[in-house]
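To find a chain, count down the sequence lines: A is the first, B the second, and so on, and within it residues start at 1.
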2 protein chains.
Amino acid sequence: MKFGIVIFPSKKIQDYANSMRRRYDPHYALIPPHITLKSPFEATEEEIKEIANKIDSIARNFKPVNVNIKKIGSFKPVNNVIYLKVESPEELDSLHNELNSAFDGDQEYNFVPHITIGQKMSDDEHSDVYGSLRMTKVQFDDTADRIHLLYQLDNGSWTVYETFRLGKE
Amino acid sequence: MKFGIVIFPSKKIQDYANSMRRRYDPHYALIPPHITLKSPFEATEEEIKEIANKIDSIARNFKPVNVNIKKIGSFKPVNNVIYLKVESPEELDSLHNELNSAFDGDQEYNFVPHITIGQKMSDDEHSDVYGSLRMTKVQFDDTADRIHLLYQLDNGSWTVYETFRLGKE
């Protein structure tokens, strides 16, 4: 089974992201708007119980993290992904690092916390869409007090396995 | 905000349900296959914290529940809903009752634990589909060790707020 770890931002931010994902993100129906903390990894149903315990201990050592969004960005030229850029990387960074080093330590690329709002676009579509969105005024100052462990179904959609509160005593 | 409480059955059951939901359930993309324990209710973000604590204490007093499925049923003539019928109503029943009486005690109808696989059909479509599905051999003997509190986004889709393990000491 394939698992992943994410933050679901507040409903307000999810609704805002969905207003764009609806048009620009083919994963719109597969998963709610999210910040990926650990990209998809394989584990059995037995292994995941131990992994969930690990995540639980890590989460308890963190306080709720700020989710501040001020702009829309793009990963072009790496890929044609448009996203809500999430600020305050220090706390998120260390949460991301702890979660990833707990498993394998493999880091394919630097962590850029973000909420994808558009992907799988042609170069032309990306230019058009990003051109019209990049100047959008965005302002969300939010807090996330929990993270979620998900698994993927055969149709590509994701179901939540468990939530972990940050800093639960 | 609108909240609800559900059980997500095992991945195996969800994949099976989705193979039919894909064609027959317009809610296919809005929520994974689920057993509803408490139908949608309104609560503020403040109220939900207390509600989550209540659910937590209830969940701790229950052991994991069996999710056994042996047949496909229909709610016709009440409505044109086709579903996987979930057996073992005693334990599920009391979990359902405790969760509902903790809030308001309003029960619109008897609890029939089920996983919807088709809905919003015309009478003709319902006859066709149910006619071909009702003789299907189904056999799942499964256990659910957690329940989920969800909230609904503006686009109608559901995000998990928190999971609660049944019988967590």
Chain B-proximal positions within residues 9-29 of chain A [heavy-atom distance under 4.5 Å]:
A:Pro9, A:Lys11, A:Gln14, A:Asp15, A:Asn18, A:Arg22, A:Tyr28, A:Ala29
Do B:Ile69 and B:Val81 share a hydrophobic cluster, counting only Ile, Leu, Val, Met, Phe, Trp and Tyr and linking them when any side-chain heavy atoms are less than 4.5 Å apart?
no
Is it possible for you to say whether B:Val6 and B:Phe111 belong to one hydrophobic cluster, with membership spreading through side-chain heavy-atom contacts below 4.5 Å?
yes
Closest contact, heavy atoms only, A:Thr163 versus B:Tyr161
CG2-O, 3.9 Å
Can you tell me if A:Glu90 has over 12 outside heavy atoms packed within less than 6.0 Å of its CD?
yes
Take atom NZ in B:Lys70; do more than 12 heavy atoms of anything else shown fall under 6.0 Å from it?
yes
Is there a path of hydrophobic side-chain contacts, each under 4.5 Å between heavy atoms of I/L/V/M/F/W/Y residues, joining A:Phe75 to A:Leu92?
no
Linking I/L/V/M/F/W/Y whenever their side-chain heavy atoms sit closer than 4.5 Å, directly or via other members, would A:Trp158 and A:Tyr83 fall into one cluster?
no
Do the side chains of A:Leu30 and A:Leu84 join up, straight or via other hydrophobic residues, at under 4.5 Å, putting them in one cluster?
no
Is atom NZ of A:Lys63 surrounded by more than 12 heavy atoms (other residues, nucleotides or ligands) closer than 6.0 Å?
no
Taking atom NZ as the centre, does A:Lys76 end up with more than 12 heavy-atom neighbours from other residues, nucleotides or ligands that are less than 6.0 angstrom away?
yes
B:Glu45, CD: over 12 other non-hydrogen atoms inside 6.0 angstrom
no
Could you name the residues of residues 136-154 of chain B that have a heavy atom within less than 4.5 Å of a heavy atom in chain A?
B:Arg146, B:His148, B:Tyr151, B:Gln152, B:Leu153, B:Asp154
